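Quick notes on the structure that follows.
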2 protein chains.
Amino acid sequence: MLELAILGLLHQSPMHGYELRKQLAQVLGGLRSISYGSLYPALKRLHAAGYVVTDEPDPRAPLPADAPALTGRRGKVVYTITAEGKERFHELVSQAGPEAYDDGGLFGVRLAFFRHTAADVRLRILEGRRRTVEQQREGLRASLARTRERLDRYTLELQRHGLESVDREVRWLAELIDQELTDSGQRRTDGPSSGDADPPPATTPPPPG
Amino acid sequence: MLELAILGLLHQSPMHGYELRKQLAQVLGGLRSISYGSLYPALKRLHAAGYVVTDEPDPRAPLPADAPALTGRRGKVVYTITAEGKERFHELVSQAGPEAYDDGGLFGVRLAFFRHTAADVRLRILEGRRRTVEQQREGLRASLARTRERLDRYTLELQRHGLESVDREVRWLAELIDQELTDSGQRRTDGPSSGDADPPPATTPPPPG
DNA sequence: GTTCGATGTATCGAGACGATACATCGACGG
DNA sequence: CCGTCGATGTATCGTCTCGATACATCGAAC
């Protein structure tokens, strides 16, 4: 999951780990943050896989009193995405299977980089996510109906609030899907409207008919 | 976190790991489930600490072709809470510090066992949680206001939905707090109403005055 | 009588987390 | 001129959780 997020951010511009973490927290909605204990190992993996390069030959060497005169040198490492990394990113961003939406966290990251995702893939992911969450909702509803008598007030409130959250997510997804359909419907009659979304990376499905 | 949940369930009746997992999923609201990879190690820890006992002398011994004739014996393990376990549970359930509400998951578990928690602790936890979530909300609001121009439609929607969720949680918590206050206010004029909540485990703060 | 799904215990490797250590930097005040 | 404070910055450690998986038993359905 981190892999996608990091590549996505580096896709825009090279960055330090520190900056990466801040942007990540921002993209993830401020709730989901990311710890260094996850970030640096992830960067190491990406580096080992050749998806990113660093501007320092070996960031590990602590320059052991050999060249202390060098002012600028103090371990800062800028990570830059490679061609392979970009390829990998587009590969990840084009996956439309259950792995893309079954987990809420990953889905969030996917959504955050939707402007790099083809329109048909976007639609399939949104609909998959909706199915998943709808099933959650039904399970929750059933469980609540079955046990509502035996539950004390607090557990009941907890379940009720959880159910409402899931319900809201379903409605939210429905809105997003509607927007997608509307957009792709009026694709040629009207220029795109909001934000800085890329000109859709092609692969747009033919308008219904 | 698991520790509290497991002890809380075993507090009601002894159980198998399997059953424990199902009940856990139910209590946790159906969204947050728990995997065996967490459950069994947790049980092992609790067993090592003396908080639970098993009905099998050593569940590890696979009876290696020694006594295969024994029909009933097939590794089922029933876990029962001990006196130390109950003590530990009440200790955990009485903590009112930030650790009780800063993490949403743990807070959910705490809420699920609120009927074992003293009224004043309940109130402090609810208010602590509200503060935490309110701060999250403000951070989110500020971040959204600061960056709303630069965000594409999808990221914007993501943030908006996240903010709304947090906002809803704040309102929900406010309702719960109101109920707590109302209840403790009319404590002697009216019998308790809903669910099977235990008669409050004492430690009720004296009515305001 | 056998195949199937629920029940049931258990471990493995991958990876995420919080805490923490360490180092540099600019700014602020004594 | 010095100290220290908070932001920036890299990195690791131990602990925990997860998903996947293996294995075994059981009742019922076919």
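All chains are named by letter (A, B, ...) in the order of the sequence lines, taking the proteins before the strands, and each is independently numbered beginning at 1. What you see is a predicted model; the values in this text were computed from it and never measured.
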His16(A) atom NE2 is separated from dA23(C) atom C1', nearest whole Å, by 15 Å
In whole angstroms, the gap separating P of dC18(D) from CG of Leu24(B) amounts to 10 Å
Residues of residues 3-13 of chain A with a heavy atom under 4.0 Å from any atom of DNA chain C, listed by number, are none
Residues passing the side-chain contact (heavy atoms from CB on, under 4.5 Å) test with Arg148(A), sequence neighbours excluded, are Leu144(A), Leu156(A)
Residues passing the side chain to side chain donor-acceptor pair (under 3.5 Å) test with Asp103(A), sequence neighbours excluded, are none
Could you list all N or O pairs between the protein and nucleotides 16-20 of chain C that sit under 3.5 Å apart?
| residue | atom | partner | partner atom | Å |
| --- | --- | --- | --- | --- |
| dA16(C) | OP2 | Arg45(A) | NH2 | 3.2 |
| dC17(C) | OP2 | Ser38(A) | OG | 2.4 |
| dC17(C) | N4 | Gly37(A) | O | 3.3 |

Residue set satisfying side-chain contact (heavy atoms from CB on, under 4.5 Å) with Pro41(B), at least two apart, ordered chain then number -> Arg45(B)
When rounded to whole Å, the CG to C1' distance for the pair Asp55(B) and dG8(C) reads 13 Å
Those residues at least two apart in sequence (or on a different chain) that pass side chain to side chain donor-acceptor pair (under 3.5 Å) with Arg146(B) are none
Those residues at least two apart in sequence (or on a different chain) that pass ring pair (Phe, Tyr, Trp, His ring centres under 6.0 Å) with Tyr18(B) are none
Residue pairs passing the side chain to side chain donor-acceptor pair (under 3.5 Å) test with at least one member in residues 7-16 of chain B, sequence neighbours excluded, are none
Quick note, side chain to side chain donor-acceptor pair (under 3.5 Å) partners involving residues 82-91 of chain B, not counting sequence neighbours, are Glu3(B)-Arg88(B), Thr82(B)-Glu84(B), Arg88(B)-Glu91(B)
Between OH of Tyr18(A) and C1' of dT24(C) the distance, given in whole Å, is 12 Å
Taken in chain and number order and not counting sequence neighbours, the residues that satisfy side-chain contact (heavy atoms from CB on, under 4.5 Å) with Gln179(A) are Arg153(B)
Rounded to whole Å, CG of Leu43(B) lies from P of dG8(C) at a distance of 14 Å
Applying side-chain contact (heavy atoms from CB on, under 4.5 Å) to Gln23(A) and not counting sequence neighbours gives Leu9(A), Met15(A), Glu19(A)
Is it true that the side chains of Trp172(A) and Glu157(B) contain a donor and an acceptor less than 3.5 Å apart?
yes
Whole-Å distance, Tyr40(B) OH to dC18(D) C1', equals 16 Å
Rounded to whole Å, CE of Met15(B) lies from P of dG8(C) at a distance of 12 Å
*Would you say the side chain of Phe107(B) lies within less than 4.5 Å of the side chain of Leu173(B), judging by non-hydrogen atoms?*
yes
From OH of Tyr79(B) across to P of dG8(C) the rounded distance in Å is 13 Å
Angle separating the five-pair end axes of the helix from dG1(C)-dC30(D) to dG30(C)-dC1(D), nearest 10°, is 10°
Q.
Is there a side-chain contact between Lys76(A) and the phosphate of dA23(C), meaning an N or O under 4.0 Å from OP1 or OP2?
A. no
